[in-house]
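Structure first, commentary second.
A, B, ... follow the sequence lines: proteins, then strands. Residue 1 opens every chain.
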Protein chains: 2
Amino acid sequence: MTVLQGRLADRDAWSAVGECPVEKTMALLGTKTAMLIMREAYYGTTRFDDFWRRIGVTKAAAAARLSELVDAGLLERRPYREPGQRSRDEYVLTAAGEDFMPVVWAMFEWGRRHLPNRTPLRLAHADCGAEASVEIRCEKGHRVPPDELVVRTVRS
Amino acid sequence: MTVLQGRLADRDAWSAVGECPVEKTMALLGTKTAMLIMREAYYGTTRFDDFWRRIGVTKAAAAARLSELVDAGLLERRPYREPGQRSRDEYVLTAAGEDFMPVVWAMFEWGRRHLPNRTPLRLAHADCGAEASVEIRCEKGHRVPPDELVVRTVRS
DNA sequence: CTGTATCCTAGTTGATACTG
DNA sequence: CAGTATCAACTAGGATACAG
């Protein structure tokens, strides 16, 4: 499958190189609740009450994860005011939060295809109506199959 | 951002529709160790001893996660024999395991871009040498930006 | 090299009650 | 509606020892 290329002879040294971004990302977002909050945000949810009820977790869990996601810069608290109500906060996606979409939708697609379920939900491209999914592509636009993907080092 | 389309008037019902694949995927693979095992498998690791040492977890944790990944069908135990040694098992990727690549590499790319780190590692397309990343595309080949992605229901 | 067994700690979550 | 505060349950993971 994937082949490692670069200057490091000792494969064991790779894991230490700069500390893996996968590991750091999991440390930050590797909980069921955080991932589902992001899914909800992509669905368009912004209010606290909608988050915890739609996800099906307790308010305590939702509040803890929401705060972490705000601190991590994926969501932003933005004040809003319903007519006749006091000002409250809603949680809106930041650019970094939108950039996280491939992770969530890649999980969605993998689960949809490889786990038993009957979800009628599909990703689609609004502009042309075709179904969408998550793929690995190179800068030249080629689709990159597993056996053509390599991990290599770049010199700083 | 993402807009929900379909026949369901009540947004609260969406989360219940078929049970979300993201949630199921997280239940199965939502641990740091499982995700790093998949990363290692993509790096080309197949031996038990390499897995736990390169990932930096205990043998107990690695063994538990490896068994789960085998049960879930992402990895397969395959007997091999070193000359003069008894037969042992190695862990090799299945088709379902390869399909999981977009999840791991999407995390890799997000972490690399949005978390402080100096990893010199980059994904690349072996055939043409260009850098690679994970993107959302529709069947017609259009790149789908966040605001053009929708989730809709299909009738069974 | 490829694990298993045991004990212990830390983090996530559920349940429930309370506040503005 | 939008949280906070507690407490208890479960699980992942580290440390260590042992085994084929």
Side-chain angles (χ1 to χ4, degrees), chain A residues 11-12 15 20 22-41 45-72 75-92, chain B residues 11-12 15 20 22-41 45-72 75-92:
Chain A
R11 169 60 188 82
D12 288 332
S15 301
C20 181
V22 177
E23 186 169 352
K24 293 190 173 183
T25 302
M26 278 301 289
L28 208 58
L29 294 145
T31 63
K32 181 185 142 191
T33 305
M35 211 61 75
L36 296 184
I37 284 177
M38 293 311 293
R39 180 204 66 186
E40 279 305 314
T45 299
T46 60
R47 308 285 172 89
F48 180 84
D49 211 55
D50 291 329
F51 276 113
W52 76 264
R53 264 188 304 136
R54 288 174 180 166
I55 293 173
V57 297
T58 61
K59 288 187 284 185
R65 260 12 94 210
L66 279 168
S67 286
E68 289 172 7
L69 290 169
V70 168
D71 291 345
L75 298 176
E76 206 173 64
R77 285 196 184 88
R78 187 171 302 172
Y80 72 95
R81 183 185 297 267
E82 296 270 298
Q85 301 277 322
R86 71 167 169 86
S87 176
R88 301 176 191 281
D89 282 340
E90 60 185 351
Y91 299 85
V92 300
Chain B
R11 168 60 189 82
D12 287 332
S15 300
C20 181
V22 177
E23 186 167 351
K24 293 189 173 185
T25 302
M26 277 302 287
L28 208 56
L29 295 146
T31 64
K32 180 184 143 192
T33 304
M35 213 61 76
L36 295 185
I37 283 177
M38 294 311 293
R39 180 204 66 186
E40 278 306 315
T45 300
T46 61
R47 308 285 171 88
F48 181 83
D49 211 55
D50 291 329
F51 275 114
W52 75 265
R53 265 189 303 135
R54 288 173 180 165
I55 293 173
V57 296
T58 61
K59 289 185 284 185
R65 260 12 94 210
L66 279 168
S67 285
E68 288 172 6
L69 290 170
V70 168
D71 292 344
L75 298 176
E76 208 173 62
R77 284 195 184 88
R78 186 170 303 173
Y80 73 95
R81 183 186 297 267
E82 296 270 298
Q85 302 276 322
R86 70 168 172 82
S87 176
R88 303 176 190 282
D89 281 340
E90 58 184 356
Y91 299 84
V92 300

When rounded to whole Å, the CG to C1' distance for the pair A/L28 and C/dG11 reads 14 Å
Between the protein and nucleotides 2-6 of chain D, list the N/O to N/O atom pairs that are separated by less than 3.5 angstrom.
from, atom 1, to, atom 2, distance (Å)
D/dA2, OP1, A/Y80, OH, 2.4
D/dA2, OP2, A/D49, N, 3.1
D/dG3, OP2, A/Y91, OH, 3.0
D/dG3, N7, A/K59, NZ, 3.3
D/dG3, O6, A/K59, NZ, 2.4

B/R53 CZ to D/dG14 P, in whole Å, measures 16 Å
d(A/R47 CZ, A/R53 CZ) to nearest 0.5 Å is 12.0 Å
- Message: Around atom CZ of B/R77, are there more than 12 heavy atoms from other residues, nucleotides or ligands closer than 6.0 Å?
- Response: yes
| query | If only side-chain N and O atoms of A/T33 are considered, is one of them under 4.0 Å from the OP1 or OP2 phosphate oxygen of C/dT13? | reply | yes
To the nearest angstrom, the NZ-P distance between B/K32 and D/dG14 comes to 6 Å
Next on the checklist: Need one value for A/G30: base, sugar-phosphate or nothing, where a base atom within 4.0 Å counts as base even if backbone is also close, heavy atoms only.
Outcome noted: nothing
Review point. Would you say the side chain of A/V22 lies within less than 4.5 Å of the side chain of B/M35, judging by non-hydrogen atoms?
Key: yes
**Report entry** Flag side-chain contact, heavy atom, 4.5 Å: A/I37 against A/T45
**Finding:** no
Taking for B/W52 and for A/T58 the nucleotide of DNA chain C with the nearest heavy atom, the one nearer the 5' end belongs to B/W52
- Message: Walk me through whether B/L36 and B/R39 qualify under side-chain contact (heavy atoms from CB on, under 4.5 Å).
- Response: CA-CA 5 Å; B/L36 295 185; B/R39 180 204 66 186; 3.8 Å; yes
Whole-Å distance, B/L75 CG to C/dT2 P, equals 15 Å
To the nearest angstrom, the CG-P distance between B/L36 and D/dG14 comes to 10 Å
A/E23 CD to D/dA12 C1', in whole Å, measures 14 Å
Distance col, row A/T25:OG1 vs B/K32:NZ, nearest 0.5 angstrom, shows 12.5 Å
Atom CZ of A/R81 and atom C1' of D/dC1 are separated, to the nearest Å, by 14 Å
When rounded to whole Å, the CE to C1' distance for the pair A/M35 and C/dT13 reads 16 Å
Next item on the list: Give me the ring orientation class for A/Y91 and A/F51: parallel if the planes are under 30° apart, tilted from 30 to 60°, perpendicular past 60°.
Entry: perpendicular
